[in-house]
Amino acid sequence: MLNRNIIYDNTQKDFFKDVLINKFADNIQDNFIKLNGRKAGKSEYNSWIDTGKVIKNLIELSGLQNFYVSFEYQVPYAQKRIDCLLFGKDKKGKGIIIHIEMKQWQTVEATSIEGNFVETYVGGNQRRVIHPSQQVQGYHNYLIGFVEVFEEHNIDLIGCAYCPNYNYKEGEGLFDEKYKKLINKFPIYTKKDIEKLANRLKELLSQEDGFDIFNKFMESPIKPSRKLLDSASNVIKKESDFNLLDDQIYARNIIIDKIKKAENKKENSVIIVKGAPGTGKTVIALHILAEFAAHKKKKYNIFFSSRSKPLVEAIKYKMERGQKAGSVNARILFTNLNPFVPARTSENELDILIVDEAHRIGKKSNHRFTPQEYRTDMPQIEQLIRCAKTSIFFIDDKQNIRGAEIGSTKLIRETAKSIGKEIEEVELTSQFRCSGSDNYLDWLEYVLGHTDKKQILTKEDKFDFKIIDSPERLYEIIKEKNSQKGMTARLVAGFCWPWSNKLDKDGNLIKDVKIGNFSLPWETHRDIKPPEGYVKWYEWAYKPEGVKQIGCIYTAQGFEFDYIGVIVGLDLKYDKENDCLISDITGTKDRTLKNKKDHDNFDKYVKNIYRVLMSRGMKGCYVYFVDKEVENYFKKNIKN
């Protein structure tokens with residue numbers, strides 16, 4: 001029976017034969033078709049031909065005879081495959097698995113970008129890609145973190161990269177000084193190193209007997225290791241940004257109690273946690289993970305997930321910075337929603353799945369980059385409920401901002417009921433953002449038209465809300481606040497200006513947001529390599545350089561800052577006849593919202609967007625209005 005996690009495996013002898021008779025790539029292609037229902041592309045097929053010959057020559061040179069080999073192993077809970085795995089035993093009889101990442105690169109340039117990137121010609125163009133040793137380290141962390149057999153310490157895992165066409169140059173390209181530490185952990189072998197690598201394989205796999213080790217590896221349970229769980233739990237409990245306050249502790253304990261009761265009854269359950277901005281949904285979600293990750297009697301298969309890439313990346317960033325050197329990388333427990341499609345995660349495979357920002361759940365998991373083998377017609381909400389014994393959804397029903405995102409309390413409830421899951425609900429009420437001011441949020445909802453219950457904002461309200469008379473002054477205030485020790489502040493705007501996907505002729509970001517003499521760039525477009533001193537679009541909220549750019553709803557949602565500056569654009573207008581605010585679709589540059597399918601809900605989405613943007617500040621919100629009639633409407637609902 002063909003294993004879904006691996007596309008080719010064989011004894012050394014039969015692998016050699018497949019390569020010699022030109023059947024190796026064809027056999028991989030056949031298995032690929034069986035698994036995925038389609039052929040691999042020509043470039044991938046050709047890479048298999050090259051890889052087969054290179055690995056055969058390498059093994060032949062080592063003189064090894066009786067070990068086991070596999071190609072294209074699916075990394076647990078990741079949309080990645082490992083090029084080659086070799087299985088055997090060392091001279092003491094200990095199991096050894098070597099994973100090799102193959103690169104056919106010839107020329108490489110080092111980059112100054114944080115995160116161990118290089119530039120090389122790949123995929124028909126010069127591109128920035130991850131350094132091979134960084135890629136090996138990532139795979140290594142996943143295997144150590146999820147394949148249980150490595151916890152028993154009877155099998156060692158060793159990783160390296162092999163670049164058979166690359167000529168070594170000391171201190172240049174792949175071997176630039178900045179990559180030295182990384183290469184010491186996960187070495188790179190180049191064109192001239194074939195004998196060195198062959199001798200290293202001979203030393204590591206001297207006792208051969210690889211089939212036994214292969215079986216132990218493939219039969220091993222896939223779930224987070226104890227070290228991985230402890231690492232995540234320790235960072236969350238120590239990180240000051242993740243501290244719980246008062247009612248948040250109470251809410252966390254209520255949720256934990258519901259999980260344990262469902263577990264004791266052996267019931268599969270869905271828990272819906274509802275809360276407005278600032279009630280601490282994300283922090284509570286992280287503490288739920290920490291609680292069960294640290295459980296001493298049971299090792300939980302648990303994940304934190306969200307459709308928000310900026311939010312997931314920000315948490316990973318904090319995890320990496322907060323953990324001790326040498327510990328298992330806790331960031332791999334935090335993911336988007338893609339790993340939970342039926343082709344990758346079976347029903348009830350996870351013990352607990354935490355879904356934050358659940359209002360952002362889509363209709364399906366498919367997107368333009370989804371490989372054919374992972375495509376499914378199953379609704380995304382159904383996938384997220386089916387894959388775990390307990391699924392926990394943190395949601396705010398008033399944060400839907402476009403038609404492609406359909407998550408709602410009602411949808412979760414109805415889907416859970418149809419699948420036969422027990423349903424529990426928890427309401428978070430205490431406000432910890434906006435200086436704990438429920439009055440400010442009530443007032444904001446009234447002014448935006450979410451409620452008819454009249455509210456007036458007064459000077460006595462402890463939240464610092466101010467209307468600023470110019471965008472220049474607004475930006476100066478935000479920069480000044482952000483410069484204060486321990487403070488964070490960002491400037492955001494409604495999506496009422498174009499978002500350039502190219503740099504200007506001098507290689508600088510185009511300052512798209514223009515109001516009179518004021519101009520600033522949006523967060524960096526995903527198609528652009530950020531110029532020096534700027535960051536990627538999803539890093540805007542949590543890296544200090546973000547203050548130099550304006551964020552939008554897609555990068556600000558899910559985050560909180562000490563102070564937020566908001567530019568309200570021409571997508572919001574004042575209706576004199578009805579004395580209320582209305583949306584204006586001609587004012588938006590958001591192509592998603594201009595979609596005909598979203599026209600009927602455009603008013604709701606725009607008001608939800610400004611509700612989210614104007615509730616990102618913990619201590620204050622400063623606003624500039626492009627439309628002065630909208631400004632006057634806000635002002636008349638403020639006393640003094």
Quick one: closest heavy-atom pair of I96 and I213, and the distance? O-CG2, 4.1 Å
Parallel, tilted or perpendicular for F292 and Y300, by the 30°/60° rule? perpendicular
So Y554 and Y538, ring pair (Phe, Tyr, Trp, His ring centres under 6.0 Å) or not? Walk me through it. CA-CA 9 Å; Y554 302 118; Y538 59 80; over 10 Å; no
Work out which heavy atom in D562 is nearest to a heavy atom in G486; give both atom names and the distance. OD2-O, 3.7 Å
Does any donor atom in the side chain of N165 or Q104 lie under 3.5 Å from an acceptor atom in the other side chain? yes
Assess K192 against Y168: is NZ or CZ under 6.0 Å from the centre of the six-membered ring, and within 45 degrees of the ring's axis? yes
Just say parallel, tilted or perpendicular for the rings of F214 and Y68, cut-offs at 30° and 60°. tilted
Does K56 reach the main-chain N or O of D18 with its side chain, forming a donor-acceptor pair under 3.5 Å? no
For the pair R81 and E44, find out whether any cationic side-chain nitrogen is under 4.0 Å from an anionic carboxylate oxygen. yes
Would K94 and D156 count as a salt bridge (charged side-chain N to carboxylate O under 4.0 Å, His left out) here? Give the steps. CA-CA 8 Å; K94 188 171 189 179; D156 283 345; 3.2 Å; yes
Centroid-centroid distance, Y73 to F217, less than 6.0 Å: yes
Hey, is E203 close enough to R200 for a salt bridge, meaning N to O under 4.0 Å? yes
For the pair F15 and Y8, name the ring-plane relationship: parallel under 30°, tilted 30 to 60°, perpendicular over 60°. perpendicular
Does the side chain of S308 pick up a donor-acceptor pair with the side chain of Q557 at under 3.5 Å? no
Charged tip of K316 within 45° of F334 ring normal and under 6.0 Å: no
How would you list all residue pairs meeting salt bridge (Lys or Arg N to Asp or Glu O under 4.0 Å) that involve residues 135-146, not counting sequence neighbours? none
Indicate the atoms forming the closest heavy-atom contact of P164 with K103, along with that distance. CD-O, 3.3 Å
Parallel, tilted or perpendicular: which describes the rings of F340 and F303, with under 30° parallel and over 60° perpendicular? perpendicular
Does W48 use its side chain to pair, donor to acceptor, with the backbone of N27 at less than 3.5 Å? no
Drop me the distance from T120's OG1 to L174's CG, to the nearest 0.5 angstrom. 8.0 Å
Please determine whether a side-chain nitrogen of the Lys or Arg among K536 and E539 lies less than 4.0 Å from a carboxylate oxygen of the Asp or Glu. no
Could you check, using the six-membered ring where one of them is a Trp, whether H140 and F186 have ring centers closer than 6.0 angstrom? yes
